[in-house]
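What follows is a short report on a single structure.
Chain naming here is simple, since letters A, B, ... match the order of the sequence lines and numbering starts at 1 in each.
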There are 2 protein chains.
Amino acid sequence: MESESGSSVRLKVFNLNCWAIPYISKHRQVRVQHLGDLLNQKNFDLALLQEVWSERDFESLRQKLLPNYTWAHYFRSGFIGSGLCVFSKHPIQEVFQHTYSLNGYPYKIHHGDWFCGKAAGMLVLEICGILVNVYVTHLHAEYNREHDYYLAHRVAQAWELAQFIHHTSRRADMVLLCGDLNSHPGDIGYRLIKEWIGLEDSYLETQDFQGCEDGSTMVPNNCFVNPREMEHFPRGVRIDYILFKAISGFRITCETLTTTTGNISDDATGRSIPLSDHEALMATLAIRPAPIEQNRDSTRDAETQASLMGVLHEAWTEMGLGLAGARQWVYSTGHLFSLGLLLLFLGVGSMLFEEIPWVAEALFMILGAIVLLGSGGLYLTSLHESKALYEAQAEIELAMEMAKEVQPEAVELSSTSSLLRTSIQSESK
Amino acid sequence: MESESGSSVRLKVFNLNCWAIPYISKHRQVRVQHLGDLLNQKNFDLALLQEVWSERDFESLRQKLLPNYTWAHYFRSGFIGSGLCVFSKHPIQEVFQHTYSLNGYPYKIHHGDWFCGKAAGMLVLEICGILVNVYVTHLHAEYNREHDYYLAHRVAQAWELAQFIHHTSRRADMVLLCGDLNSHPGDIGYRLIKEWIGLEDSYLETQDFQGCEDGSTMVPNNCFVNPREMEHFPRGVRIDYILFKAISGFRITCETLTTTTGNISDDATGRSIPLSDHEALMATLAIRPAPIEQNRDSTRDAETQASLMGVLHEAWTEMGLGLAGARQWVYSTGHLFSLGLLLLFLGVGSMLFEEIPWVAEALFMILGAIVLLGSGGLYLTSLHESKALYEAQAEIELAMEMAKEVQPEAVELSSTSSLLRTSIQSESK
């Protein structure tokens, strides 16, 4: 909270995907140093970071920021960690973490998401008597937008995140969600989170934006960004967000939003280097008391509900596609497992015949063991995937059913909007 | 809700760990049939089940119970499932699931807990205008009470469950937690959940209890219970619970609590067999409006706070012991991994020397690969374990810090009670 004018509270928030992977990310240590300097200099209320994969980096930041940001937390999960951490000027009263059920595949080692415990981190703060629930997250990366193998996983994560916030923020006056959603503003993941919780997007709400064109947070002129990935997006992509919601008795406006635009810091050699391959977001939010709305516009409510129904239906369909794929894998790997068993059996059986060279026997057995282990692992992975997607689908189904009961007229609007969207999508393909 | 007298609402709740493991549990199908009959006959408001491992069993129960229990949900997670499901007379408005970060070890295949996605399932119901948050869970089994390798995992699960309920029930009028906590009433897991949320135990609160001695839910005279496991507990153990809490403006009393006491159903051959190796719990809760307490007894509050601090400290210590063990494993398996690398290197290197038989080379390589795979898996498991325990410890530390700030006098009381407990424990050993 920078200043208080009258009864309004100003909250300065910083968000950055730091791209701080030990041994891999370029100029990591220099960039972490620069980030610390920037945070100390700009004096935010809250700094929410993603991809701080090394706890040493977190510790060095913590030491450096201690005079200005007394409170900090690193969210630990998975094998490597969640990469999520937070620095706060205000006392952190409570911390909780929800690890996502689905997060890629263990055999996609080169992508590595599975090994990180991707999660939603939650903090409870009380700022000038306002109870603020802060959430920080990082959803599964999108490696290939044309053939996005992880879409169902990302949508399931988005749903879990939305549900987690929905259920844990009931007592809060304000919700703040920051992070790298790996979803463009038109993508189902972003829309699902935004509509299910009723969040507002600081980029869309602010009157005073300064930064990259279209509010992009990954831009081609950042020297750490692979230009090939930006081929279809010459103006960059917006995948990092500061989203907020006033729950009751408050109104929030985003007074200013700024992004970094590439080179802002100098390394030891005097060269100018970006803070990360993502751009940082810096928002000033003003929180004012407001009368609780009693008589809301019912037409607007029906439209919102219809739009929500459309989004829920879209997410449900996407998960269904993922589920069908996972079930196919369960089936195929089950067969492969039988093949492995057969090979092992042949290996053992051939020991009864002296004319079969023992090299062949050993080969059968080794091959059998490899196929068994491999298909067993894949079988378990696909089984887990199908359980998690089925659960998410069931939760969404219930949400749709309840929404229908609340406002039956929304269903008709929803089916129309859903049909419209489908026809637009098929036309654009 | 069975009946309404004046302004009170009666809720009839059923809880059972069903022990329904396909191919392993004895008389599984007959018992599931009997369970369905009992639930239809007794007409509960809610039936919460654990260890329904086969979705087919859930489906057959669902079909059977449909006329009386219109709403049902099976919580899907992990490789096998969570085993948790619920049948309800009242519309289930919302469903959410939190899978525990820690749940045993993958190499303990014979214990199998790791393969089930142990979780906390949550339901939101509205019964006669009362918003009820219902939770069902099943914590990690205790295979050896003297040398309980899973204690830290179970305590971490208990903490996650307590946090999950604490954060998701803020809007509810009433919280209901049912399940198999695999913890005796004196164990830290049970006390942590009870004290952090402020739950009441239906067995301790009721004036009208009928059932096994001491409210036990696993008793030696149940023919499915291994008598050797009950050697030290001739009166059985109480590890299944119906816990509740009225959040605001309501008062809940447990009018009756009943447990099954062994043989209650007949199989096809006319023999009498128990419903499960656990006993079922059946509670009637009365919910009445009550004035919101304004002036609470501050001495009692300080005592409660002190007791909570003691419990938090005990849980923190237990997790610390688990953490130290996990870190030792990270260290040892790291060394084993190096050994595997060395063996592989020797295997490849020996190919340069013609005098070394190729069988020896192959042996080195196969052994190297086995050691690498094994130690790699163990390394990842221990790393994950240490991250999860560290996170839980950090959350508890923060909870203790905040509790200290709220009531500093509680700290002194807490250290006294904690010291007392330690001395009692060391005397009893």
Side-chain angles (χ1 to χ4, degrees), chain A residues 55 71 73-82 91-101 106 115 117 119 121-124 133 160 163-164 166-172 359 362 366 369-370 373 379-384 386-395 397-399 401-402 405, chain B residues 55 71 73-82 91-101 106 115 117 119 121-124 133 160 163-164 166-172 359 362 366 369-370 373 379-384 386-395 397-399 401-402 405:
Chain A
E55 282 196 41
W71 297 74
H73 187 78
Y74 185 84
F75 291 93
R76 288 164 190 91
S77 70
F79 305 109
I80 297 169
S82 69
I92 297 174
Q93 296 195 337
E94 298 192 74
V95 166
F96 187 38
Q97 176 180 281
H98 178 86
T99 312
Y100 297 126
S101 307
F115 294 88
M122 168 185 159
L123 308 160
V124 179
N133 271 35
E160 267 190 65
Q163 282 274 76
F164 181 63
H166 171 70
H167 288 292
T168 55
S169 63
R170 296 291 174 95
R171 204 171 68 104
V359 182
I366 292 172
I370 291 173
L373 275 177
Y379 177 78
L380 286 179
T381 305
S382 320
L383 206 59
H384 173 233
S386 64
K387 296 268 176 206
L389 287 172
Y390 197 175
E391 176 64 28
Q393 257 206 334
E395 285 182 21
E397 257 168 59
L398 182 61
E401 244 171 85
M402 295 314 294
E405 275 183 29
Chain B
E55 282 195 43
W71 297 74
H73 187 79
Y74 185 84
F75 292 93
R76 289 163 190 93
S77 69
F79 305 109
I80 298 169
S82 68
I92 297 175
Q93 297 195 336
E94 298 193 73
V95 166
F96 188 37
Q97 176 179 281
H98 177 87
T99 312
Y100 298 125
S101 308
F115 293 88
M122 168 183 159
L123 308 159
V124 180
N133 270 35
E160 265 190 68
Q163 283 274 77
F164 182 63
H166 171 69
H167 287 292
T168 55
S169 63
R170 295 291 173 96
R171 204 171 68 104
V359 181
I366 292 171
I370 291 172
L373 275 177
Y379 178 80
L380 286 179
T381 305
S382 319
L383 206 60
H384 173 233
S386 63
K387 295 269 177 204
L389 287 172
Y390 197 175
E391 177 64 28
Q393 257 207 333
E395 285 182 21
E397 258 167 60
L398 183 62
E401 243 171 86
M402 296 313 295
E405 275 182 29

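- Among E94(A), Q97(A), M122(A), the residue making the largest number of heavy-atom pairs under 4.5 Å with chain B is E94(A).
- Taking a cutoff of 4.0 Å between a charged side-chain nitrogen and a carboxylate oxygen, R76(B) and E395(A) do not qualify as a salt bridge.
- Considering only heavy-atom pairs separated by less than 4.5 Å from chain A, the leading option among S77(B), A388(B), S101(B) is S77(B).
- Ring geometry for F96(A) versus H167(B): interplanar angle under 30°, hence parallel rather than tilted (30 to 60°).
- A pairwise comparison of heavy atoms in F79(B) and L383(A) identifies O-CD2, 3.1 Å as the closest pair.
- Atom OG1 in T99(A) sits 6.5 Å away from atom CD in E160(B) (nearest 0.5 Å).
- Residue contact with chain B, scored on non-hydrogen atoms closer than 4.5 Å, involves the backbone and the side chain of I92(A) alike.
- A 4.5 Å side-chain heavy-atom check between I366(B) and I366(A) finds at least one atom pair inside the cut-off.
- Taking chain B as the reference chain and counting heavy-atom pairs below 4.5 Å, the highest number among Q93(A), E55(A), H166(A) is found for Q93(A).
- Take P91(B) and apply the side chain to side chain contact (heavy atoms under 4.5 Å, CB included) test, not counting sequence neighbours, and it matches W71(B).
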Side chain to side chain contact (heavy atoms under 4.5 Å, CB included), that's the test. Do F115(B) and H384(A) meet it? Break it down for me.
CA-CA 9 Å; F115(B) 293 88; H384(A) 173 233; over 6 Å; no
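- There is no contact between Y379(A) and chain B, counting heavy-atom distances below 4.5 Å.
- Donor-acceptor pairing under 3.5 Å is recorded for the side chains of E391(B) and H73(A).
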Full working for side chain to side chain contact (heavy atoms under 4.5 Å, CB included) between K387(A) and F75(B):
CA-CA 9 Å; K387(A) 296 268 176 206; F75(B) 292 93; over 6 Å; no
